[in-house]
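Data block below; observations after.
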Amino acid sequence: MDSFNARVYRAVAKIPEGKVATYGLIAGLAGSPRASRQVGWAMHGSPRGLRLPCHRVVNRTGALAPEGVFGGRDVQRAMLEAEGVTFLGDGRIDMRKHLWEPDVEA
DNA sequence: GGTTTGACCCGTT
DNA sequence: CAACGGGCCAAAC
């Protein structure tokens with residue numbers, strides 16, 4: 001699996017609990033920081049067998065994906081809160097604290 | 001092999 | 001401060 005989306009799956013799977021990564025960040029780990037759109041598309045077409053923490057992947061503003069993807073924004077928010085992620089009053093993630101920083105990633 | 005799309009990002013109006 | 005458009009990249013049709 002040398003496909004770009006394959007690397008996206010692996011990068012997303014590396015996201016530790018209690019943290020969140022932006023599409024742009026995942027795209028960067030995949031090899032193309034500008035292919036942020038591809039990241040989201042890759043997850044939508046990702047194999048159901050894999051349990052990718054797609055709920056930990058959010059856009060740059062910290063806003064969650066549109067409804068209908070996870071079954072509702074509230075669902076995704078609940079999953080993140082259950083992992084220890086804090087949210088702002090606007091319904092956005094506190095990127096300041098939970099933005100994943102891949103420094104010495106394996 | 002060309003066209004369309006897509007869970008985005010950034011700048012401008 | 002909110003809305004609109006253009007740009008990028010990679011996969012599906």
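Naming: A, B, ... by sequence-line order, numbering from 1 per chain.
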By nearest heavy atom, map A:His55 and A:Arg34 onto DNA chain B; which one lands nearer the 5' end? A:His55
From CD1 of A:Ile26 across to P of C:dC9 the rounded distance in Å is 19 Å
A:Phe4 to A:Ala30 - nearest heavy-atom pair and separation: CZ-CB, 3.3 Å
Where is the tightest heavy-atom contact between A:Leu29 and A:Trp100, given as atom of each residue plus distance? CD1-CZ3, 3.5 Å
At 4.0 Å (heavy atoms only), tell me whether A:Phe4 reaches a base, stays on the sugar-phosphate, or touches nothing. sugar-phosphate
Could you tell me how far apart A:Trp41 (CH2) and C:dC9 (P) are, to the nearest whole angstrom? 17 Å
When rounded to whole Å, the CE to P distance for the pair A:Met43 and B:dA7 reads 13 Å
Check the phosphate of C:dA10 against A:Ser32, side-chain N and O only, distance under 4.0 Å to OP1 or OP2. Yes or no? yes
What is the separation between atom OH on A:Tyr23 and atom P on C:dG7, rounded to the nearest whole Å? 24 Å
Near DNA chain B, under 4.0 Å by heavy atom, which residues of residues 73-83 of chain A? none
Counting heavy atoms from C-beta on, name the nucleotide in C:dA10, C:dA11, B:dA7 closest to the side chain of A:Ala35. C:dA10
If you take all heavy atoms of A:Ala42 and A:Asn5, which pair is closest and at what distance? CB-CB, 3.3 Å
Between atom NE2 in A:His44 and atom P in C:dC13, what is the gap in whole Å? 12 Å
For A:Arg37 and B:dT5, give me the distance from atom CZ to atom P, rounded to whole Å. 11 Å
Run the salt-bridge test on A:Glu83 and A:Lys19 with the 4.0 Å N-O cut-off and return the result as yes or no. no
Just the rounded figure in Å: distance from P of B:dA7 to CD1 of A:Ile93. 18 Å
Starting the side chain at C-beta, find the nucleotide from B:dC9, B:dA7, C:dC9 nearest to A:Ala65. B:dA7
Sequence-distant partners of A:Arg92, salt bridge (charged side-chain N to carboxylate O under 4.0 Å, His left out), two or more places apart: A:Asp90
Check A:His98 against A:Thr86 and note the closest heavy-atom contact, atom names and distance. NE2-OG1, 2.8 Å
Whole-Å gap separating P (B:dC10) and CG (A:Asn59): 10 Å
Are the side chains of A:Thr22 and A:Leu99 in contact, using a 4.5 Å heavy-atom criterion? yes
